Amino acid sequence: MTQDVKEIFAGSAGRASAPPAPAALAAKVRTLAPSMTRSMQRVAEAVAGDPAGCAALTVTGLAELTGTSEATVVRTARLLGYPGYRDLRLALAGLAAQQQSGRAPAITTDIAVDDPIADVVTKLAYDEQQTLADTAAGLDTVQLGAAVAAAAVARRIDVYGVGASGLVAQDLTQKLLRIGLIAQAHSDPHLAVTNAVQLRSGDVAIAITHSGSTGDVIEPLRVAFERGATTVAITGRPDGAVAQYADHVLTTSTARESELRPAAMSSRTSQLLVVDCLFVGVAQKTYETAAPALAASYEALAHRHRR
């Protein structure tokens, strides 16, 4: 990694944004826990599992409860988006108050091989709802707004994604095309890179990768970044390698992976929500041209839907 990239990455990691709302705390824990150290995971799991109890503890008390150090507690609070432990305690108190207001407890969503199909439907529906709620709660609207502003005036928009994320990339580009923007989805890593070298300032490159470490997506984003394009990462791992080359990071959430429900299913759900938010924001900013373009696309296809 070049020194310039390190400095930019350090700057992006410190982007100014408001601390997560209490409702977003559990979502942040679910999203970031896999990338935490084991000691930080213990702190995160404790505050998410018993917000009321942890809100009553000092930093020393929480460190003793989790068998960690005060420094680990503070680092965990900052990783979750809070300036310090005091801010985390306030969020915990708010979350505890919400939970005590009568909200129904979460249902168990593990799907067993012998579950009746009706139970499968119920569990999947709940999981999808929770994934969408977590993503909405944890989405940084400042970063989203910046990405929307860049895309709305872009000369060209390239979107990178492979596998399930490639399907999401295609969904975004077809939406952008219908409002008159020039957009391309790239799932072939060679074509993605050869197209990325043509980008420049005023263009936008968007990488979609749940893991944040997909090399076939990171490489073209790096090239676009180095060519001066505005770069955006849609990822479930905001501390992943893809963020090194992203001017703006949009974090997705995902339900817990199980044997019968791979992570790709839930990650795609949250990615599609972020894509829809990005698209609607762009359509709002370009409404004078987007509305007639969208109407024209509907009219062009209308005869295919008539009997």
Side-chain angles (χ1 to χ4, degrees), residues 20-35 41 44-45 47-52 80-81 91 94-141 144 159 161-175 178 185 208-212 214 234-238 250-281 283 305:
L25 177 58
K28 293 281 283 187
V29 170
R30 279 189 286 271
T31 298
L32 296 176
S35 61
Q41 285 178 351
E45 290 166 359
V47 298
D50 183 15
L80 292 174
L95 180 58
Q98 289 178 4
Q99 291 178 341
Q100 291 168 3
S101 66
R103 185 190 302 175
I107 65 174
T108 301
T109 56
D110 287 337
I111 298 175
V113 70
D114 57 350
D115 270 349
I117 194 64
D119 289 354
V120 171
V121 171
T122 299
K123 291 179 177 182
L124 284 177
Y126 178 82
D127 242 5
E128 298 285 352
Q129 292 168 7
Q130 190 62 54
T131 298
L132 292 173
D134 285 354
T135 298
L139 189 58
D140 188 330
T141 54
L144 176 61
V159 189
V162 297
S165 296
L167 300 176
V168 178
Q170 291 178 34
D171 181 80
L172 174 57
T173 54
Q174 67 90 11
K175 284 182 167 73
R178 292 189 71 176
I208 305 176
T209 164
H210 172 65
S211 69
T214 307
I234 298 176
T235 179
R237 301 287 182 266
L250 306 179
T251 305
T252 60
S253 181
T254 181
R256 183 164 51 84
E257 183 173 7
S258 66
E259 184 180 7
L260 295 178
R261 189 171 193 257
M265 293 175 65
S266 54
S267 65
R268 189 170 67 249
T269 298
S270 54
Q271 288 169 350
L272 287 169
L273 173 61
V274 174
V275 158
D276 280 352
C277 292
L278 183 62
F279 167 72
V280 170
H305 302 293

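Nothing fancy with the numbering, it's 1 onward along the sequence. Computed from a predicted model, the values in this text were never measured in an experiment.
If you check the side chains of E128 and T269, you find a donor sitting under 3.5 Å from an acceptor. Using modelled atom types, one finds no donor on one side chain facing an acceptor on the other under 3.5 Å when comparing S253 with T135.
Between atom CD of residue Q271 and atom CG of residue L167 there is a gap of 9.5 Å, rounded to the nearest 0.5 Å. Atom OG1 of T122 is separated from atom CG of D127 by 11.5 Å, given to the nearest 0.5 angstrom. Here CD of Q174 is found 6.5 Å from CZ of R178. Values are rounded to the nearest 0.5 Å. Here the CG atom belonging to L273 is positioned 11.0 Å from the CG atom belonging to D134, to the nearest 0.5 angstrom. Atom CD1 of residue I234 and atom CG of residue L278 lie 6.0 Å apart, to the nearest 0.5 angstrom. For the atom pair CG (L144) and CG (L139), the distance works out to 5.0 Å, reported to the nearest 0.5 Å.
A pairwise comparison of heavy atoms in A48 and P51 identifies O-CD, 3.7 Å as the closest pair. Taking all atoms of both residues into account, the shortest heavy-atom contact from T251 to P238 is OG1-CB, 3.6 Å.
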- Let me see the working for V159 and I208 under side chain to side chain contact (heavy atoms under 4.5 Å, CB included), right down to the final yes or no. CA-CA 8 Å; V159 189; I208 305 176; 3.8 Å; yes
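In this structure, D171 pairs ionically with K175, as a charged nitrogen and a carboxylate oxygen lie closer than 4.0 Å.
At distances below 3.5 Å, not a single donor-acceptor pair connects side-chain atoms of T131 with backbone N or O atoms of S270.
With a 4.5 Å cut-off on side-chain heavy atoms, T235 and H210 do not count as touching.
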